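First listed ligand is number 1; within each ligand, the first listed atom is number 1. These figures come from a predicted structure and were not determined experimentally.
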Amino acid sequence: MSAFLDLPPARCAQGSARLPGSKSISNRVLLLAALAEGDTHIHDLLHSDDVARMLEALEALGVRWERTGAHDYVVHGTAGAPFPVREAELFLGNAGTAFRPLTAVLALMDGEYRLRGVPRMHERPIGDLVEALRQLGARIDYLENEGYPPLAIHPPAPVSVETVRIRGNVSSQFLSALLMALPLLGRPITVEVVGELISRPYVALTLALMARFGVELVERDGRFHYDGQARYRSPGEVYVEGDASSASYFLAAGVLGGGPVRVEGVGRTSLQGDVRFAEALEALGARVAMGENWIEASAPENGRLRAFDLDLNHIPDAAMTLAVVALFCEGPSRLRHIGSWRVKETDRIAAMATELRKLGATVEEGPDFLVITPPERLQPAAIATYDDHRMAMCFSLAAFGDIYVRILEPECVNKTFPEYWQVYRSVVRPVPVVAIDGPTASGKGTVAARLAERLGWHYLDSGALYRLVALAALRRGLATEDAAMLARLARDLDVRFSGDRILLAGEDVTEAIRTEDVSAAASRIAVHGTVREALLARQRAFRRRPGLVAEGRDMGSVVFPDAELKVFLTASVEVRAERRFKQLIDKGMSASIERLREELEARDRRDRERAIAPLQQCPDALRLDTSHIGVEEAVEAIFDWVRTRGLA
Ligand SMILES: Nc1ncnc2c1ncn2[C@@H]1O[C@H](COP(=O)(O)OP(=O)(O)OP(=O)(O)O)[C@@H](O)[C@H]1O
Ligand SMILES: Nc1ccn([C@H]2C[C@H](O)[C@@H](COP(=O)(O)O)O2)c(=O)n1
């Protein structure tokens, strides 16, 4: 598992994303198919951790299934009979969509089962479901803490109640699980929801899928009636819709990155409540279009997103995406009625508030709401993901704030969307970088600055940063070997680039950093990994829309390894010594060409031979030798490469 993933600042988003199958539908369909009479051929099933847990559980319970294609499965139903294996220990990870429905179904079967999960699963309540199942005769013990998994399930006791009561204000999955298990009773029964029912669309999804498998419940006044007759029968084939919650990241990307971005796999006829995320985006001013099986989103006509105050109870998962979108809205936004976030993969309200604050937002956190005020400008941050796939996916959108975003433990997306980062990269285009590296006096600075001007992009003279540290160190009498002190100096450097002037603690040092003393010292301090590390974030902060031309020694190899165009600019040592000589003479300084050449060769050697980030031509860099061409010709050559790559 990689420890982190650095997402570069995003320039725009465009294209289409094919969504993976819905997790909610995949796990419901697998269970219903297992309970049904006949074989069910399931297409487009999601491949993810949570679905893998359900498949493993069914196998352990003796339900036969086979994989028949990349995302195709056939499940051989048990026709409502108890599952063949009557004693089993199941590990269900952190999959609520597996844990809750299996608890309900197994509690009404005639076996001995133990259900466990990851530590977080054991912190997620299940008491309301167990309470309801006990009314039906279920015998369930809590193995650790009252009201929480892990559970021991024993054969049920016979009871003859006609109405079961269940609370619906913590998770609607409890009601869904109970409803799916009702046909196992084989007699009429009514389920009454006590108090509020949150996340209603998920219950509607459950009812629709049960109906596809032949069991229609009648709903009246918050009560659900099972007639005691209907039995699950396979519909033969089932196609799993794309995941509507996963669609939210790409639709939001379309809005934040211009768009249009189209998601394929969900649309107007979707069973999933989270398609209504598109309405929320429209309320913010975004342009949204929808077809039978697709949704498309683009930025508002005027490019401005309205702040919002929305009740998001009906789209609890996709609502997380809105919390990050709020960073780009005009003013404070309020997300209401999101109390269910507290008992999800992590306490999502607390986690969201903590991570949004890292980006510079002001966040007010309540028991079931968040108020998010965006900062003037986002600040780069390392985002903790709390083993929660949605934290990782929605925070990827912060990259639209012209910042690098570090996502910690990015593989947590495997829970529902293992290919998320690949799909993200296919839709979200980073702010482009032209990285120009080369030896001293090859003309990098001159060429890069002119190219940046021509493109209307930002310009980074990375050598200036090393020179600034060198100047500050020389002034303080620090030894060029003192890596720790130099790194601290580099981190705390008070630098401002203002047009073509460079200010150190307010003082204009544009000329002072160009002396030969400073050049030599800069080359010496640049060998320290700690100094390079301290300057990394400063250099990356230059990568802003619409693009960056960066020059130095390790632009293409270390600082911007994903640069769209890498150029190795060079010239013979004689030509470079002559250029430097001319530069000094023009400035009215005396110089010896022989001495300059020796110094230049010494710097080249040091830059090339140092252990960390040595000067070298990247394998994917284009080489441009300027020994016999002028500045304009060099700029023109690189500009052509930029154009050929479609960057300008
Ligand atoms: N074809 C050319 N390309 C670039 N610069 C040239 C060319 N011909 C002459 N020069 C001149 O060479 C001098 C050195 O260029 P510049 O300072 O841009 O090099 P550099 O590679 O950035 O050096 P350093 O790494 O030491 O900062 C400048 O005065 C520039 O005008
Ligand atoms: N990316 C960079 C840029 C510069 N350096 C070091 C090596 C140079 O000798 C010194 C000054 O750079 P210049 O202004 O001549 O481009 O700074 C580096 O190691 N990596």
### Message
Looking only at the side chains, is there a donor atom on one of Asp517 and Thr515 sitting less than 3.5 Å from an acceptor on the other?
### Response
no
### Query
Short list, please: which atoms of ligand 2 are under 4.0 Å from a heavy atom of Gly552?
1 (N), 3 (C)
### Task
Keeping the roles fixed (side chain from Arg524, backbone from Thr480), state whether a donor-acceptor pair exists under 3.5 Å.
no
### Task
Looking only at protein heavy atoms, identify the closest one to atom 22 (O) of ligand 1 and say how far it is in Å.
Gly445 N, 2.8 Å
## Note on the structure
Tested for side-chain hydrogen bond (donor to acceptor under 3.5 Å, both in side chains) against Glu345, the lone hit among Arg390, Arg120, Lys415 is Lys415
### Task
Name the closest protein heavy atom to atom 12 (O) of ligand 2, giving the residue it belongs to and the distance to 0.1 Å.
Gly463 CA, 3.5 Å
### Message
Return the closest protein heavy atom for atom 6 (C) of ligand 1 as residue, atom name and distance.
### Response
Val631 CG2, 3.6 Å
### Message
Looking at Asp562 and Arg543, is there a salt bridge between them, counting it only when a charged N and a carboxylate O are closer than 4.0 Å?
### Response
yes
### Atom CD of Glu419: over 12 foreign heavy atoms under 6.0 Å
yes
#### Entry: Sub-4.5 Å side-chain heavy-atom contact between Val434 and Glu564
no
### Task
Check the angle between the aromatic planes of Trp421 and Tyr424 and answer parallel, tilted or perpendicular using the 30° and 60° thresholds.
perpendicular
### Ala526, portion touching ligand 2 at heavy-atom distance under 4.0 Å
side chain
### Query
Checking salt bridge (Lys or Arg N to Asp or Glu O under 4.0 Å) against Asp554, which of Arg532, Arg610, Arg608 comes through?
Arg532
### Message
Any nitrogen or oxygen of Glu551, side chain or backbone, less than 3.5 Å from one on ligand 1?
### Response
no
### Message
Which residue is it: Lys344, Arg348, Glu355? I am looking for the one with a side-chain hydrogen bond (donor to acceptor under 3.5 Å, both in side chains) to Tyr386.
### Response
Glu355
### Message
Which of the numbered atoms in ligand 1 are under 4.0 angstrom from any heavy atom belonging to Gly630?
### Response
1 (N), 2 (C)
#### Entry: Contact partition for Arg532 relative to ligand 2, non-hydrogen atoms under 4.0 Å
side chain
### Summary
Looking only at non-hydrogen atoms, the one of Arg579, Glu633, Arg450 nearest atom 10 (N) of ligand 1 is Arg579
### Query
Polar-atom distance check: Arg603 versus ligand 2, any N or O pair below 3.5 Å?
yes
### Task
Would you mind telling me if ligand 1 is within reach of the side chain of Leu569, the backbone, both or neither, using heavy atoms under 4.0 Å?
neither
### Task
Distance to 0.1 Å, residue and atom name: give those for the protein heavy atom nearest to atom 16 (P) of ligand 1.
Thr446 OG1, 3.5 Å
### Task
Just jot down the ligand 1 atoms closer than 4.0 angstrom to any heavy atom of Ile629, in number order.
1 (N), 2 (C)
### Numbered atoms of ligand 1 (with element) below 4.0 Å of Pro439, judged on heavy atoms
21 (O)
### Closest protein heavy atom to atom 5 (N) of ligand 1, given as residue, atom name and distance to 0.1 Å
Gly443 CA, 3.5 Å
### Query
For atom 3 (C) of ligand 2, which protein heavy atom lies nearest, and how many Å away is it?
Ser462 OG, 3.4 Å
## Note on the structure
Any heavy atom of Arg553 under 4.0 Å from ligand 2? The part involved is both
### Message
Any heavy atom of Arg580 closer to ligand 1 than 4.0 angstrom?
### Response
yes
### Query
Which protein heavy atom lies closest to atom 23 (O) of ligand 1, and at what distance to 0.1 Å?
Ala441 N, 2.9 Å
### Message
To check your reading of the model: name the closest protein heavy atom to atom 17 (O) of ligand 1, its residue, and the distance in Å.
### Response
Gln583 NE2, 3.5 Å
### Task
Give the contacting part of Arg610 toward ligand 2: side chain, backbone, both or neither, where contact means a heavy-atom distance below 4.0 Å.
side chain
### Query
When the ring centroid of Phe277 is compared with that of Tyr249, is the distance short of 6.0 Å?
no
### Query
Cut-off 3.5 Å, side chains only: do Gln583 and Arg580 have a donor facing an acceptor?
yes
### Task
Answer yes or no: is there an ion pair linking Glu599 with Arg603, defined by an N-O contact shorter than 4.0 Å?
no
### Query
Hey, which atoms in ligand 2 end up nearer than 4.0 Å to a heavy atom of Asp554?
1 (N), 2 (C), 20 (N)
### Query
Considering only heavy atoms of Thr626, which atoms of ligand 1 have at least one such atom less than 4.0 Å away?
1 (N)
### Message
Just to be sure I'm reading this right: ignoring hydrogens, which of Thr440, Asp607, Leu535 gets closest to atom 9 (O) of ligand 2? Compare them by their nearest heavy atoms.
### Response
Asp607
#### Entry: Closest approach of any protein heavy atom to atom 25 (O) of ligand 1, naming residue and atom
Lys444 NZ, 2.6 Å
### Query
Are Arg496 and Glu507 ion-paired here, with the side-chain N under 4.0 Å from a carboxylate O?
no
### Message
Which heavy atom of Cys12 sits nearest to which heavy atom of Phe400, and what is that distance?
### Response
C-CE2, 4.1 Å
### Task
Would you mind checking which non-hydrogen protein atom is closest to atom 14 (O) of ligand 2, with the distance to 0.1 Å?
Arg467 NE, 2.6 Å
### Query
Is the shortest distance from a Lys or Arg side-chain nitrogen in Arg406 or Asp6 to a carboxylate oxygen in the other one below 4.0 Å?
yes
### Message
Less than 4.0 Å is my threshold; does some heavy atom of Arg606 fall inside it relative to ligand 2?
### Response
no
### Query
Should the ring pair Tyr420 and Phe250 be called parallel, tilted or perpendicular, given that the plane angle runs from 0 to 90° and is split at 30 and 60?
tilted
